[in-house]
Amino acid sequence: MSDTIEAGEVSTGNWYFTENGARRGPVTRADLLELLEAEKISGDTLVWRKGFADWQALRTTDLGTYLQDTPPPVAPTHVNNSLVWILAIAPIGYAILTGWRDAEIMEDPYADHSLAQLVALGVPLVLNAALCLLDERQLKRAGYADRWLTLFGILLAPVYLFLRAKRLRQFPSYGIVWVVCFIISLLMSIPGGFFLR
């Protein structure tokens, strides 16, 4: 199968590309180049047109010559995962923090515990957002820029973990660990202590 462009192909909409796991198109070659220039697609975006046996990364087609002089992303095996592993086990720490808050309240139920409430709620929110944003910045430097990662990094840590694994084409082990740790943290917060029975 040839990757050469036929004479009339420039104006016809016979290219397809993927976006968030969905097929988009048909679009013209010029449309793809506009999307590439606007950085809405990248060299890793999968594209297809008649004559291709399967979807291909844009950079491997003749459109790859239009890419800015940027190297391909760093191999996923060489991307540092330490921040996401901290994020994955964080629910256990948050459960301990919540336990401290509950102990403070039980010790003196009539006192003002607004600081303890603020710490128990604020620390997890700020720490999750900070870890996700730091990791997302690291991913951008490695060549894996994605605007959706930033949004989910701030709002929903578990979604960020699963999207990150998908973006890097990794098994979502850190996302699964987050879910397990979250369940354990819920069990730890049961009155009377689930693990103390």
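We number each residue from 1, following the sequence as shown. Computed from a predicted model, the values in this text were never measured in an experiment.
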Worked verdict on W178 versus F182 for ring-ring contact (aromatic ring centres under 6.0 Å, His included): CA-CA 6 Å; W178 187 95; F182 183 74; 5.0 Å; yes
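- The distance from the CD atom of E136 to the CZ atom of R141 is 10.5 Å, given to the nearest 0.5 Å.
- A111 pairs by the side-chain contact (heavy atoms from CB on, under 4.5 Å) definition with D108, H113, not counting sequence neighbours.
- At a threshold of 4.5 Å between non-hydrogen side-chain atoms, the residues L139 and L168 count as touching.
- With Y94 contributing its side chain and S185 its backbone, the two residues share no donor-acceptor pair below 3.5 Å.
- For the pair A165 and P172, the tightest heavy-atom approach, listed with the atom from each and the gap, is CB-CA, 3.6 Å.
- Closest non-hydrogen pair, G143 versus R167, comes out as O-NH2, 4.2 Å.
- Between the side chain of D102 and the main chain of G99, no donor-acceptor pair closer than 3.5 Å is present.
- Across all their heavy atoms, N81 and V84 have their closest contact at O-CG2, 3.1 Å.
- Residues V177 and W85 have side chains in contact (heavy-atom distance under 4.5 Å, counting atoms from C-beta outward).
- Taken from CD1 in I184 to CG in L186, the straight-line distance is 10.0 Å, to the nearest 0.5 Å.
- Using the six-membered ring where Trp is involved, W15 and F52 have ring planes that are perpendicular, over 60° apart on the 30 and 60° scheme.
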Test side-chain contact (heavy atoms from CB on, under 4.5 Å) applied to V119 and W100, step by step: CA-CA 10 Å; V119 168; W100 164 79; 4.1 Å; yes
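- Taking each heavy atom of L36 and L67 in turn, the nearest pair found is CD1-CD2, 3.5 Å.
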Step-by-step side-chain contact (heavy atoms from CB on, under 4.5 Å) determination, L46 to Y16: CA-CA 8 Å; L46 296 176; Y16 294 85; over 6 Å; no
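- Put simply, L133 and V123 are part of two different groups of oily side chains (I, L, V, M, F, W, Y) that touch within less than 4.5 Å, one to the next.
- Looking at heavy atoms from C-beta onward, E19 lies out of side-chain contact with I41 at the 4.5 angstrom threshold.
- The distance from the CG atom of D44 to the OG1 atom of T60 is 10.0 Å, given to the nearest 0.5 Å.
- I96 and I105 fall into different hydrophobic clusters, where Ile, Leu, Val, Met, Phe, Trp and Tyr residues are linked whenever their side-chain heavy atoms come under 4.5 Å apart, directly or through other members.
- Cluster membership for F162 and I183, using ILVMFWY side-chain heavy atoms within less than 4.5 angstrom, is shared.
- A distance of 11.5 Å separates CG of L35 from OG of S42, quoted to the nearest 0.5 Å.
- Considering all non-hydrogen atoms of both residues, F17 and T45 come closest at CB-CG2, 4.1 Å.
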Q170 and R164: CA distance, side-chain angles, deciding distance, side-chain contact (heavy atoms from CB on, under 4.5 Å) verdict: CA-CA 8 Å; Q170 295 176 333; R164 181 191 193 273; 3.8 Å; yes
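- The hydrophobic cluster containing L97 does not contain L118, counting ILVMFWY residues as joined when their side-chain heavy atoms lie under 4.5 angstrom apart, directly or transitively.
- Under the 3.5 Å distance criterion, with hydrogens and angles disregarded, a donor-acceptor pair is assigned to the side chains of S82 and N80.
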Stepwise side-chain contact (heavy atoms from CB on, under 4.5 Å) check, L83 with L87: CA-CA 6 Å; L83 292 172; L87 187 61; over 6 Å; no
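- At least one side-chain heavy atom of Y66 sits under 4.5 Å from a side-chain heavy atom of R29.
- With hydrogens and angles ignored, the 3.5 Å screen pairs no side-chain donor or acceptor of T18 with any backbone N or O of G21.
- The shortest non-hydrogen separation linking Y144 to P73 is CZ-CB, 3.5 Å.
- Under the 4.5 Å side-chain contact rule for hydrophobic residues, V159 and I89 share a cluster.
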